[in-house]
Amino acid sequence: MQSIYHPASIEQQAQQHWNDSGAFAATENSDKPKYYCLSMFPYPSGKLHMGHVRNYTIGDVLSRYHRMKGYNVMQPMGWDAFGLPAENAAQAHNVPPAAWTYDNINYMRRQLQSLGLGIDWAREVTTCTPAYYRWEQWLFTRLFEKGIIYKKTSSVNWDPVDHTVLANEQVIDGRGWRSGALVEKRDIPMYFFRITQYADELLQDLDALGGWPEQVKTMQANWIGKSFGVRFAFEYSIEGGTESLSPESGRELGERGVADSLSSSPSPASVGGEKKLLWVYTTRADTIMGVTFVAVAAEHPLATYAAQSRPELAAFIEDCKHGGTAEADMATMEKKGMDTGLKVTHPLTGEQVPVWVGNYVLMGYGEGAVMAVPAHDERDFGFAKKYNLPIKQSIAAKDQSFSDAAWQEWYGTKDGVCVNSGKYDNLDYDQAVDAIAADLAALGLGEKKVQFRLRDWGISRQRYWGCPIPIIHCAQCGDVPVPDDQLPVILPEDVVPDGAGSPLAKMPEFYETTCPKCGAAARRETDTMDTFVESSWYYARYTSPDCTTGLVDERANYWLPVDQYIGGIEHAILHLLYARFFQKLMRDVGVFGEGTEHLAEPFKNLITQGMVIAPTFYRLEANGKKLWINPAEVDASCDERGRPVGATLRADGLPVIIGGTEKMSKSKNNGVDPQAIIDEFGADTARLFMMFAAPPEQSLEWSDAGVEGSFRFLKRVWKATHDHVEQGVVAAYSSGEPENVWPGTRLSAAARAMRRQLHQTIQKVDDDIGRRKTFNTAIAANMELLNALGKFDDPTPMGRAVVQETLEAVALMLNPIVPHACQALWSGLRPGSDMLDQAFPKADPLALVQDEIELMIQINGKLRGSLTVAKTTDKATLEQMALAHEAVVKQLAGAQPKKIIVVPGRLINIVA
RNA sequence: GCGAAAGUGGCGGAAUUGGUAGACGCACUGGAUUUAGGUUCCAGCGCCUCGCGGCGUGAGAGUUCGAGUCUCUCCUUUCGCACCA
């Protein structure tokens, strides 16, 4: 062994050895249980950042640990290669997105390989290649034929200057990021996945996901948002037919469209009657007697109708179109409204209720109209106060009379009873909803209804760098899916987008085609798919990356579901929900073959790693655009709490503006490149420090203070092993009783203590990595063990055997985390033996035996002393010993204790 | 605004089931070796106090013999909010 730890040569040799031996090539013919370990694949943004290192190291630790535990492990890697940043880079540098993306992939692959990840690179998947997206298009056509994909109009952010659709991220304070123009909402036709059809299954199957964090399941359940409420109608009469007032937005288009029950299905009462109906949905039907107005969305047909005769209302509705479509913006903007002048009839009281247009009512939700109960809803209350609308209490605590302050306590609670509600008085929530729904149903004006918050998933993007939607528009035949023998629809790769609309829509050579059905001239769809579609099924493709006959082949049945999935908590809802949805879609289309109903969920166990966050810095350019500056280029001064208070750009010494502390990302340019650490200290130090810094699920503000501490630890392990090996390796103990190895000998007390700590550590590390996934404490336990070994000085053969046993165990325990160093350490400790073949160490129960324990003594819960006693001491003796303890005698000063609490193995608390 | 989390020394964090708060590491201080610096090793290191002792896990209340851990209210930070991925 070399006397000095030289990571560069050690890591190069280890990686060479792993490559040459094909150690991480995964095969399906194994008698071991399979373990499919998957980390979320990266977007090839240019360079790795610390979040990637964290994600992929966690995956590699678990992969290598399970390999040592006797599993047939598969750990693949690939590239989520379509996306917006490539188009931005293309415009900035005048290179096609494809070339930029492939360059980034090549660079980042080398970076990943230098981290020494045990990946089967033969399974690499790149989503922007036709070999991959061909099967996405194939699945699209199947789902289109099944009616799972349909077309309807939907709102997008429209930049009126650049004449292009903007992503939410490209809308800053209601303006387009390039043009600075006020963004408008615009309705365009789009393709949708009918994910709402799977809402109940997606909700129910969460219960079966025992290996998922509760918080993620809660977030998904809330997102799906199953609610039990009442859909009912207010009657009104105006000039003109009902037909002209049916909502345009949200209605399905085309011959395939099944009328959406949420938006336009006529209720029996609305057919043939002279009265028209304004439908609303509420989960608080118990407050129906407190309704004082109705609010409709700006796009609601009733608003459009009223605006015909009211120019100021038309102007208000126009004003509502400004701003983006993001829900957070809608929810935080100032609530504004305007009276339509129209009145509707309350179905139960017969009162005339005014109809207002509210900018906070969303056309895409429910009915696009809501009943307003200012007394029991905070938002309605604010609106009523602002516009001086009446407030009518209808809920109170039982027997409580009306008081001004009282109703505000009842925002959102279902614990009251009805008041001021006529025949419903004194009914509780459930009783009131039942009674009111029954009365509405008898009138033909309403019914109980289950509603989901989840909306169908719109996937059309008016962008270039994405998977083409395989549809051909024929004047005769309508929307025709591209037949299998014409797939894939290839995306041309040499295009540089100009930021004004979709390049594909300007390329006749792309969109001019003929109808597969009738042969007439037809136009190819030029929208591409949401990039979430690619990332919704890649985990399945890794099982059969080279399959040319289908999306996957029978190997999917062997590997799926993924045993361990690891990725950022930011994906807790959208990506994970879409992947779960796709698993069910693929199952129902028959992708996995016969008898695969059990493959309902893609990911058995999930770790959601916390974000690696860093401060952001920027400068405002002349046009108001923010130019984000990387923290590495900034000198920042911090206050006593470590927050940056002043910052200058190192290049020119002039100040920069401090933004928030946010997750590392391309868009905010606050990612920290791990390459400098790898270059200076090696991959093992980078991996070790990242795992030691915090447990995986915790968010982590990046700081490289302490990297040297991790390097120092590896040097100490190396030196301890080297010094031992130089004296000659020896046989290690394999049983707690040394007599079993060398009859007639006994270990010294110190050697027994050393072995006890060793085997306690093995037990803890096994549990920390395998069950708790707290790699930081596993590392700390090894540090403690090495500290103890440093103090253990026993040059006898028995002592040296204990040292050998300890060093071997340390190398084995650390191997999943710092595999290059451990590969070399093992060669030193066991010449001729390969770390790749080693099992994880097992704790020896005999070595763990301990007969004396330390008990804490408390008086009134305060620590006053301790006792070292035999493990078998009974309770009465313990109480006597405690009362005789010096500190206790002093504190009690002769008084009798009221009570003595003995917690076996832990403490004795004397209550005085 | 809504949903989900987090908050512990100067810093990252530990305390796994309500039972020794601060493991392990960084930084810092003192010492030894070497000395150009560094490396390595030893010791110290929550706050107040000469000490006895007291205080201490974002703030405030509560439950308990006992609370970092459980309950409630509030504050701050992070993630998500459907076209960033």
Side-chain angles (χ1 to χ4, degrees), chain A residues 40 42-43 45 80 82-85 156-157 165-171 213-216 218-219 221-223 225 324-333 335 360 364 378-379 454-463 530-532 535 568-575 577-578 608 610-611 613 640-642 660-663 665-667 689 692-695 697-701 703 705-710 712-713 715-716 719 764 767-768 771-772 774 776-777 779-784 787 790 854-858 860-863 866 898-901 903 906-907 909-912:
Chain A
M40 289 182 188
Y43 177 78
S45 57
D80 188 13
F82 278 134
L84 199 53
V156 293
N157 305 308
V165 176
L166 298 177
N168 283 340
E169 193 189 52
Q170 298 171 310
V171 179
E214 283 304 319
Q215 75 178 97
V216 174
T218 305
M219 281 193 267
N222 290 340
W223 184 262
T325 56
E327 191 187 305
D329 296 337
M330 306 292 272
T332 50
M333 72 188 172
K335 309 292 177 289
Y360 63 94
E378 201 168 349
R379 194 174 56 180
L454 182 69
R455 311 198 298 255
D456 277 340
W457 173 17
I459 53 134
S460 294
R461 298 290 180 268
Q462 299 68 48
R463 283 191 238 297
D530 182 0
T531 56
F532 267 125
S535 56
I569 184 66
E570 81 259 37
H571 297 295
I573 296 175
L574 289 180
H575 162 63
L577 188 68
Y578 292 151
T608 46
M611 297 291 88
I613 58 178
E640 70 278 3
R641 301 181 74 178
T661 299
E662 297 179 49
K663 71 170 174 177
S665 73
K666 176 92 181 164
S667 60
F689 178 64
F692 186 54
E697 310 227 321
Q698 200 158 307
S699 74
L700 176 64
E701 189 166 348
S703 157
V707 172
E708 288 189 45
S710 292
R712 209 173 293 160
F713 173 63
K715 282 196 288 189
R716 288 176 53 220
K719 184 171 188 306
K764 176 174 173 53
D767 188 49
D768 281 353
R771 181 183 63 90
R772 298 176 67 207
T774 53
N776 55 331
T777 52
I779 294 164
N782 274 289
M783 289 175 168
E784 284 183 79
N787 289 344
E854 193 182 22
L855 288 184
M856 293 303 123
I857 298 179
Q858 294 183 339
N860 293 332
K862 281 199 187 287
L863 184 68
S866 68
K898 290 194 189 115
K899 199 171 163 188
I900 302 177
I901 292 155
V903 183
R906 290 227 179 244
L907 57 77
N909 188 16
I910 295 163
V911 186

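Each chain gets a letter, A, B and so on, in the order the sequences are listed, and its residues count up from 1.
- Rounded to whole Å, the P atom of rG60(B) lies 15 Å from the corresponding atom of rA67(B).
- In this structure, the CG atom of L907(A) is 4 Å from the C1' atom of rG19(B), given to the nearest Å.
- Rounded to an integer number of Å, the gap from CG of L863(A) to C1' of rG18(B) is 17 Å.
- Q462(A) comes within contact range of at least one nucleobase, with a heavy-atom separation under 4.0 Å.
- Straight-line distance between the P atoms of rG25(B) and rA43(B): roughly 12 Å, to the nearest whole Å.
- Atom CD of E701(A) and atom P of rG12(B) are 8 Å apart (whole Å).
- The separation of rG31(B) from rG37(B), taken at their P atoms, amounts to 15 Å, rounded to a whole angstrom.
- When heavy atoms are screened at a 4.0 angstrom cut-off, F532(A) is found touching base atoms of the nucleic acid.
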Distances for protein N/O vs nucleotides 78-82 of chain B N/O pairs under 3.5 angstrom?
from: rU78(B); atom 1: OP1; to: T661(A); atom 2: O; distance (Å): 3.0
from: rC79(B); atom 1: OP1; to: K663(A); atom 2: N; distance (Å): 2.8
from: rG80(B); atom 1: OP1; to: K663(A); atom 2: NZ; distance (Å): 2.7
from: rC81(B); atom 1: O2'; to: E327(A); atom 2: OE1; distance (Å): 3.2
from: rA82(B); atom 1: OP2; to: E327(A); atom 2: N; distance (Å): 2.8
from: rA82(B); atom 1: N6; to: R453(A); atom 2: O; distance (Å): 3.0
from: rA82(B); atom 1: N1; to: R455(A); atom 2: N; distance (Å): 2.9

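- Nucleotides rU76(B) and rA85(B) are separated by 32 Å at their P atoms, to the nearest Å.
- Of the candidate nucleotides rU16(B), rC84(B), rA14(B), rU16(B) has the atom nearest to the side chain of D768(A).
- Separation of atoms CZ (F532(A)) and CH2 (W457(A)) is listed at 8.0 Å; rounding is to 0.5 Å.
- Taking atom P in both rC41(B) and rC26(B), one finds a spacing of 10 Å when rounded to whole Å.
- Residue contacts for S703(A): at a heavy-atom cut-off of 4.0 Å it reaches no nucleic acid atom on any strand shown.
- Across the strands present, rG38(B) finds no partner; the criterion is a Watson-Crick or G-U wobble pair with both atom distances under 3.5 angstrom.
- Between the CG atom of N222(A) and the C1' atom of rG1(B) there is a distance of 15 Å, given to the nearest Å.
- In this structure, the side chain of N157(A) engages the main chain of L166(A) through a donor-acceptor pair within 3.5 Å.
- At least one donor-acceptor pair under 3.5 Å links the side chain of N860(A) to the backbone N or O of A912(A).
- If you measure from atom CZ of R379(A) to atom C1' of rG1(B), you get 9 Å, rounded to the nearest angstrom.
- With hydrogens and angles ignored, a donor-acceptor pair closer than 3.5 Å exists between the side chain of R771(A) and the base of rU16(B).
- One cannot find a donor-acceptor pair under 3.5 Å joining the base of rU20(B) and the side-chain atoms of K862(A).
- Across the strands present, rA82(B) finds no partner; the criterion is a Watson-Crick or G-U wobble pair with both atom distances under 3.5 angstrom.
- One atom, NZ of K764(A), and another, P of rA14(B), lie 10 Å apart when rounded to the nearest Å.
- To the nearest whole angstrom, the two C1' atoms, one in rG38(B) and one in rU33(B), are 13 Å apart.
- The residue V156(A) sits close to a base: some heavy atom pair falls under 4.0 Å.
- Taking the C1' atoms as reference points, rC48(B) lies 30 Å from rU63(B), given to the whole Å.
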Summarise protein proximity over nucleotides 23-31 of chain B in one line of letters, 5' to 3': B for base, S for sugar-phosphate only, - for none, counting protein heavy atoms closer than 4.0 Å. BBSSS----
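- Separating the CE atom of M856(A) from the P atom of rA21(B) is a distance of 9 Å, rounded to the nearest angstrom.
- Judged by Watson-Crick or G-U wobble contacts below 3.5 Å, the nucleotide rG46(B) has rC55(B) as its partner.
- To the nearest 0.5 Å, atom CG of residue N782(A) and atom CG of residue N787(A) are 11.0 Å apart.
- rU64(B) makes up no base pair with any nucleotide shown, lacking Watson-Crick or G-U wobble contacts both under 3.5 Å.
- Between I857(A) atom CD1 and rG19(B) atom P the separation is 19 Å, expressed in whole Å.
- Base orientation at rG46(B) is anti, since its O4'-C1' glycosidic dihedral falls outside 90° of 0.
- Only the C1' atoms considered, rG12(B) is 29 Å distant from rG3(B), to the nearest whole Å.
- Pair check for rG25(B) finds rC11(B); Watson-Crick or G-U wobble, both atom distances under 3.5 Å.
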